[in-house]
Engineer: 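Dropping a structure here in structure tokens format, bear with me for questions.
Letters A, B, ... mirror the listed sequences (proteins, then strands); counts begin at 1. Here the structure is a predicted model, which means the values were calculated and not measured.
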2 protein chains.
Amino acid sequence: MATISDVAARAGVSTATVSRALNGKSTVDPELAARVVAAAEELGYHPNGLARNLRRQETAVLALIISDVENPFFTAIARGVEDLAQVSGYSVVLCNSDENEDKERRYIDVALQERVAGVVLSPTGRSTNVDRLRRQGTPVVAVDRPLTGGPDGDQVLVDTRRAALDATRHLVAGGYRRIGCLSGPAGVRTADDRLAGYLDAVGEENAVFRRAEYRAEGARVAATELLELPDPPDALLVANSTMTIGVLEALTSRGLRPGRDVGIVSFDDAPWTTLIDPPLTVVAQPAYEVGRVAAQLLLARITDGTRRPTTTTLEARLIERQSSRR
Amino acid sequence: MATISDVAARAGVSTATVSRALNGKSTVDPELAARVVAAAEELGYHPNGLARNLRRQETAVLALIISDVENPFFTAIARGVEDLAQVSGYSVVLCNSDENEDKERRYIDVALQERVAGVVLSPTGRSTNVDRLRRQGTPVVAVDRPLTGGPDGDQVLVDTRRAALDATRHLVAGGYRRIGCLSGPAGVRTADDRLAGYLDAVGEENAVFRRAEYRAEGARVAATELLELPDPPDALLVANSTMTIGVLEALTSRGLRPGRDVGIVSFDDAPWTTLIDPPLTVVAQPAYEVGRVAAQLLLARITDGTRRPTTTTLEARLIERQSSRR
DNA sequence: TTGAAAGCGCTAACAG
DNA sequence: CTGTTAGCGCTTTCAA
């Protein structure tokens, strides 16, 4: 692969001139510059980013570590981060931690090794992994879930406890009497918060809930358990759209109709939620916006490492459709 | 950030020894090795991947350039690539080309600059971008769509034309008389192939079809056009699940029921396809498998650049549900 | 088994 | 405006 010296030789100038001509940083004689460009073209020259970054001690790459590539909520965040990064000349590499602390650590190590300019992540459980980044001074911004242990680092969250409270109250207002909740795993902050919001609304004494993985299958099983209770819930708040798929399966297989028989409100406004009958009432989270804001904060922190850490909390929006009406 | 010399100084050895001890390549006196490990630990040392890769002239990173992060088909591929790469010690960075040749070119440039070990991509339109990779000798494997211009490079495809043919015949067998097709943009190979398979089945003279972006909105409009024809189709083959969302919206807003009024077969077995009423008949593509095979081929080509290019074609599977029955 | 030294490809002082 | 030179942090001969 052609190197800068090859180009320099061909253009009859020094490597420094090639560098200057190609990067447009300093002024170069137009005629020389033209020769350089021509030579680079002829040789199919692509600057070696490794060498460049090693020398410059910086990389125009952001790492985005999310817990599930197949969850529309996170892919929407990814788009937000990417769109914003793009215009500032940064590329984004996506890593899938799979809600697994080990994988998260591995990817954080990769990020550290490759000396990325900064990382956006949805932290899994404990913060010990994040500390590694902080210790090396790599800018981080957390999305969706707060960093535990100190306000060190920016965060972009959604007020999901409040959203769960509102959603539950909406169900109460709709005339449902015994409202249940299906939330994600204990220790996952969003899952805990959504459950807490639900409890705020119904009170501990009236609570009927289960926790499961943020996946369809676990939710199906958990929903079935709830429905088989002696005094089963007549409405369900479900903590994410993937779980809702399982919940709807459980309902269908028991001949129960959403809305009429069991009121449903689901987190996340997935594209299919309007297609089913009845259409689902959902809590729409501003995922794309979360991504954009996170990228903005990260870039700001990259240019100015001394900025005080901030926490941005965005509001979710309840979209009332038919599954929460009898 | 601590460097190898810091570690060397602290352990009282040379940088060469640190390198050997930490990489375990060569034999190092156990006692020295222990000192090195301890020193690295204390300093929170993370080897600089940039420097390492620059020296070694290789990177353990694969780039995966796909045309839509929000399309479940591609995220399933991503999982397949990642799972396989992981066990061989490679990391995968995901780039979103958005079905846009410019973005694709930018990401290919990034891949080239960062000297990734290889790239998996779903090529957008013309192959001029891919040629850049080939010219530099970077191993490439194409997924979902073939590389145009020569069999230079491995490819992993799905026999989607055949799948479209079978799906259309299935509709014919179900008693539908006038079968229409909604496919993706001209020039996108999968869209062309699915349309071709449809034409194979119904014959040019009976064809009623529209093309649209691989997105919900365009498909909704196109489906509406078809349904407003003087002699509208009584069944529709839809080229991807995102488009199907638009198609179902069009049907619903006209009071038409899938199956009974208009038979539907959709490409891609999205998780929600069983939740709607009636459940959708779909063409399930082995996306995860496509990803795994692609990664396998890429790794093989990375270790042996002289391998002859291969083309793997996987079969799709028709899953019959209720939307293709009256 | 260990250390000294060269060099991967690039950029940025520093002279000229 | 241009060239010379040093060096980013690492791995890998080559000698000892």
Side-chain angles (χ1 to χ4, degrees), chain A residues 1-37 39-40 43-61 109-117 136-138, chain B residues 1-37 39-40 43-61 109-117 136-138:
Chain A
M1 225 187 241
T3 74
I4 198 173
S5 344
D6 298 333
V7 178
R10 177 147 193 149
V13 298
S14 74
T15 60
T17 299
V18 173
S19 173
R20 287 190 279 249
L22 260 24
N23 292 308
K25 294 283 180 188
S26 176
T27 37
V28 178
D29 181 284
E31 200 241 328
L32 280 195
R35 277 201 343 243
V36 169
V37 171
L43 265 33
Y45 171 68
H46 285 269
N48 185 322
L50 263 38
R52 163 181 294 172
N53 295 334
L54 176 58
R55 175 60 231 236
R56 287 205 188 141
Q57 297 286 71
E58 66 179 35
T59 323
V61 175
D109 278 350
V110 171
L112 244 19
Q113 291 194 178
E114 302 298 326
R115 300 296 194 267
V116 300
Q136 309 297 325
T138 303
Chain B
M1 225 186 244
T3 73
I4 198 172
S5 345
D6 299 332
V7 178
R10 180 151 193 142
V13 298
S14 73
T15 59
T17 300
V18 174
S19 172
R20 287 190 278 249
L22 261 24
N23 291 310
K25 294 284 181 189
S26 176
T27 37
V28 179
D29 182 283
E31 199 242 326
L32 279 195
R35 269 187 8 229
V36 168
V37 171
L43 264 35
Y45 171 69
H46 285 271
N48 185 322
L50 263 39
R52 162 181 294 172
N53 295 332
L54 176 58
R55 176 59 230 237
R56 286 203 187 143
Q57 297 285 70
E58 67 180 32
T59 324
V61 175
D109 278 352
V110 172
L112 244 19
Q113 290 193 178
E114 302 298 326
R115 300 297 195 265
V116 299
Q136 310 296 325
T138 303

Engineer: Can you find a pair of side-chain heavy atoms, one from B:Glu114 and one from A:Glu114, that are under 4.5 Å apart?
Structural biologist: no

Engineer: Taking side chain as C-beta onward, heavy atoms only, is A:Arg52 less than 4.5 Å from A:Asn23?
Structural biologist: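 Of all side-chain heavy-atom pairs linking A:Asn23 with A:Arg52, at least one is under 4.5 Å.
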
Engineer: Base contacts versus sugar-phosphate-only contacts with protein, heavy atoms under 4.0 Å: please encode nucleotides 9-16 of chain C as B, S and - from 5' to 3'.
Structural biologist: BBBBB---

Engineer: Distance-only, no hydrogens or angles: does the A:Ser26 side chain make a donor-acceptor pair with backbone N or O of A:Arg20 under 3.5 Å?
Structural biologist: no

Engineer: Using a 4.5 Å cut-off on heavy atoms from C-beta on, say whether the side chain of A:Val13 contacts that of A:Val18.
Structural biologist: yes

Engineer: Please determine whether a side-chain nitrogen or oxygen atom of B:Thr17 lies at a distance below 4.0 Å from atom OP1 or OP2 of C:dG3.
Structural biologist: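 True: B:Thr17 side-chain N/O within range (under 4.0 Å) of C:dG3 OP1/OP2.
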
Engineer: Quick one: does B:Arg10's side chain get under 4.5 Å of B:Val7's, heavy atoms only?
Structural biologist: no

Engineer: Specify the separation, in whole Å, of atom CZ of B:Arg35 and atom P of C:dT1.
Structural biologist: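 Distance check: B:Arg35 CZ to C:dT1 P gives 16 Å.
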
Engineer: Look at the side-chain N and O atoms of A:Ser14 and state whether any lies under 4.0 Å from the OP1 or OP2 oxygen of D:dT2.
Structural biologist: no

